[in-house]
Protein chains: 2
Amino acid sequence: MAKRKRRPRRAPNTPPLDSRTRILAAATAEFALRGFAATTVDRIAAHARLNKAMIYYHFSSKQHLYQIVLRTLFTSVGDVLVQIAHSPLAPDQKLDHFVATFVTEGTARHQLAPIILREIAEGGRRLDEETFTLMAHIVRVMGGIVDEGRASGQFEPVDPILLYLTTVWPIIVYLATSPIRSALARIGHFDVARLDAPRFIEHLQHINRRALMPCTANAPSPTGVSS
Amino acid sequence: MAKRKRRPRRAPNTPPLDSRTRILAAATAEFALRGFAATTVDRIAAHARLNKAMIYYHFSSKQHLYQIVLRTLFTSVGDVLVQIAHSPLAPDQKLDHFVATFVTEGTARHQLAPIILREIAEGGRRLDEETFTLMAHIVRVMGGIVDEGRASGQFEPVDPILLYLTTVWPIIVYLATSPIRSALARIGHFDVARLDAPRFIEHLQHINRRALMPCTANAPSPTGVSS
DNA sequence: GTCTATAAATAGATAGAC
DNA sequence: GTCTATCTATTTATAGAC
């Protein structure tokens, strides 16, 4: 039965969003929830409290709308991470920050992880050159940090691509599983708290530190960059 | 819906597969390639060189067919990994084996990774209890290895769930990106060889060893379990 | 800019011949 | 067991009123 139509959710004294913005927000949410193919334009319209025709007034096609959603998401997260690389921190601190920021940023934009996962599953067939490059930026950011750490002698040799694989993707999956974390805990018979963000961040930082740095430097970071 | 009669398994030298087997193979391939929603029953039928009606003769719905595909895939891979846990190897060797086997097994069944990624992106909403439990087995396998290593004093403390996150998921993503690995290398301006399976396996084993074991034990495993 | 109505194509699923 | 033909619902996209 129709259980629906709860009226969202705008903070008081906030101006109403224009239709294009509402559509983009609704599309991001729906695409993240169901994927491109399973998302209907009708649903996006309903979510945005608009008619379907309005979507085609603002965007030429469902495909096009999806493309804009992707670029927006990837750009915003990428920008934050690039800033870390340009910060004046030491390489190991940058890496810790990279991990912590990716987790918190990805939590705030909870649509990012499921969308990325589906694109990977798709073999990147839906990504245009620009979006592809946007994703490659993240690898480059990590590469830069590694190079820096190598040059200063702080890091041991490691291939940035491999470090990227073992750092970024656990984060993405961690983020994507957040809606079902309690269900997972129930089935696996463990406490959900074992999967809370600070612990996860600390674990990732820990294994990266031990992977990259000599034993003597493996003590937990005293600055405690964990959120 | 009555339980269907089990077909006798065919000897390996009997070439023609029966229609049910052909449908399952085709469905696995198509679901892996496009995901559940974007895969049409017509396409599966064409892939299996059969008519659409044949699919509904063997399976009650597209959903049902997908469910069987999932269970078959997860069971086969899960079985192999459980065997490792029961082998007489030392915990660190088991962990190395786990990584290497997951990569080779997942490469052989290349449909596994994209399908799992999409289910994660879906938030597990399409997984029934049984399939869910199948996935949880893998966590338990890792947990068992960790417990063993802890008991013998070989491993330092680590939460198995977190180790699972940082071990299994880079593998899944590694497997899923294999079709576009050369494209990624071209865009990222690096040699594809840097991402070949033995190197990736060695990297994962390396960081796990360093994450879990005291510094003195961090030398590469002499047995060279890498494929 | 926003809506209703509808076209046009396609999808899952079934009937029924052989 | 396998096929053709078809039913029905859904979906992307557009026309056109206001």
Side-chain angles (χ1 to χ4, degrees), chain A residues 1-2 4-5 7-8 10 15-70 118 122 125-126, chain B residues 1-10 14-70 115 118 122 125-126 128:
Chain A
M1 286 306 300
R4 53 154 15 78
K5 245 73 198 228
R7 229 56 197 279
R10 210 172 68 233
L17 299 170
D18 60 27
S19 60
R20 198 190 133 97
T21 307
R22 289 221 310 280
I23 291 170
L24 267 178
T28 306
E30 292 292 332
F31 284 139
L33 192 61
R34 295 173 222 277
F36 179 80
T39 296
T40 68
V41 179
D42 263 324
R43 241 200 147 88
I44 296 173
H47 188 136
R49 282 169 294 121
L50 284 169
N51 192 277
K52 177 162 58 170
M54 274 308 288
I55 289 176
Y56 291 98
Y57 174 77
H58 284 296
F59 304 92
S60 60
S61 67
K62 179 187 173 186
Q63 187 65 242
H64 177 228
L65 173 56
Y66 185 70
Q67 199 175 60
I68 309 280
V69 166
L70 274 196
R118 279 191 247 254
E122 210 77 10
R125 272 175 289 128
R126 239 182 342 230
Chain B
M1 212 172 22
K3 195 164 152 190
R4 141 162 312 284
K5 230 201 291 196
R6 204 153 306 176
R7 278 172 178 62
R9 295 218 301 148
R10 285 171 169 270
T14 313
L17 298 170
D18 60 22
S19 60
R20 197 190 136 97
T21 308
R22 290 222 308 279
I23 291 170
L24 268 178
T28 306
E30 292 293 331
F31 284 138
L33 192 61
R34 296 172 221 278
F36 178 80
T39 296
T40 68
V41 178
D42 263 325
R43 240 201 147 86
I44 296 173
H47 189 135
R49 297 186 318 277
L50 284 168
N51 192 277
K52 176 162 57 170
M54 272 310 287
I55 289 177
Y56 291 97
Y57 174 75
H58 284 295
F59 304 92
S60 59
S61 68
K62 180 186 173 186
Q63 186 66 240
H64 176 229
L65 174 56
Y66 185 70
Q67 199 176 58
I68 308 280
V69 165
L70 274 196
I115 286 183
R118 278 191 249 253
E122 211 76 10
R125 271 175 291 128
R126 244 190 328 239
D128 53 31

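Quick note on labels: first sequence line is chain A, next is B, and so on, each numbered from 1.
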* To the side chain of B:Ser61, which of D:dA13, C:dT4, C:dA13 is closest? -> C:dA13
* Measure the distance from CZ on A:Arg22 to P on C:dT2 and round it to the nearest whole Å. => 7 Å
* To do: Output yes when at least one side-chain N/O atom of A:Tyr56 is less than 4.0 Å from OP1 or OP2 of D:dT14, else no.
  => no
* In whole angstroms, how far is the P atom of C:dT4 from the CG atom of A:Leu50? -> 11 Å
* Asked: What nucleotide among D:dA13, D:dT6, D:dC3 has an atom nearest to a side-chain atom of B:Lys52?
  -> D:dT6
* **Closest nucleotide among D:dG1, D:dC3, C:dC3 to the B:Ala53 side chain** => D:dC3
* Structure fact -> Assign each of A:Ser60 and A:Ala38 the nucleotide of DNA chain D bearing its closest heavy atom; nearer the 5' end lies the nucleotide of A:Ala38
* Structure fact -> B:Tyr57 has its side chain closest, among C:dG12, D:dA15, D:dT2, to D:dT2
* Asked: Where the side chain of B:Asn51 meets the backbone of B:Met54, is there a donor-acceptor pair that is under 3.5 Å apart?
  -> no
* A:Phe31 vs A:Phe36 aromatic rings, parallel, tilted or perpendicular, using cut-offs 30° and 60°? -> parallel
* Asked: When the distance from NE2 of A:His64 to P of D:dT12 is rounded to whole Å, what number comes out?
  -> 17 Å
* Asked: In whole Å, what is the span from the CD1 atom of B:Ile55 to the P atom of C:dG12?
  -> 9 Å
* To do: Please step through salt bridge (Lys or Arg N to Asp or Glu O under 4.0 Å) for the pair B:Glu122 and A:Arg118, ending with a clear verdict.
  => CA-CA 9 Å; B:Glu122 211 76 10; A:Arg118 279 191 247 254; 2.4 Å; yes
* Structure fact -> When rounded to whole Å, the CG to C1' distance for the pair A:Leu65 and D:dT11 reads 15 Å
* A:Asp18 CG to C:dT2 C1': how many Å, rounded? -> 14 Å
* Asked: Do the non-hydrogen side-chain atoms of B:Val69 and B:Ile115 ever get within less than 4.5 Å of each other?
  -> yes
* Structure fact -> A:Ile44 atom CD1 is separated from D:dA13 atom P, nearest whole Å, by 11 Å
* Between C:dT2 and A:Ser19, is there an OP1 or OP2 to side-chain N/O distance shorter than 4.0 Å? -> yes
* Structure fact -> A:Arg43 CZ to D:dT12 P, in whole Å, measures 12 Å
* To do: Please say whether more than 12 non-hydrogen atoms of neighbouring residues, nucleotides or ligands are located less than 6.0 Å from CZ in B:Arg34.
  => yes
* **Side chain of A:Thr40 (C-beta onward), nearest among D:dT12, C:dC3, C:dA13** => D:dT12
* **Which nucleotide in D:dT12, C:dG12, D:dC3 has an atom nearest any side-chain atom of A:Asp42** => D:dT12
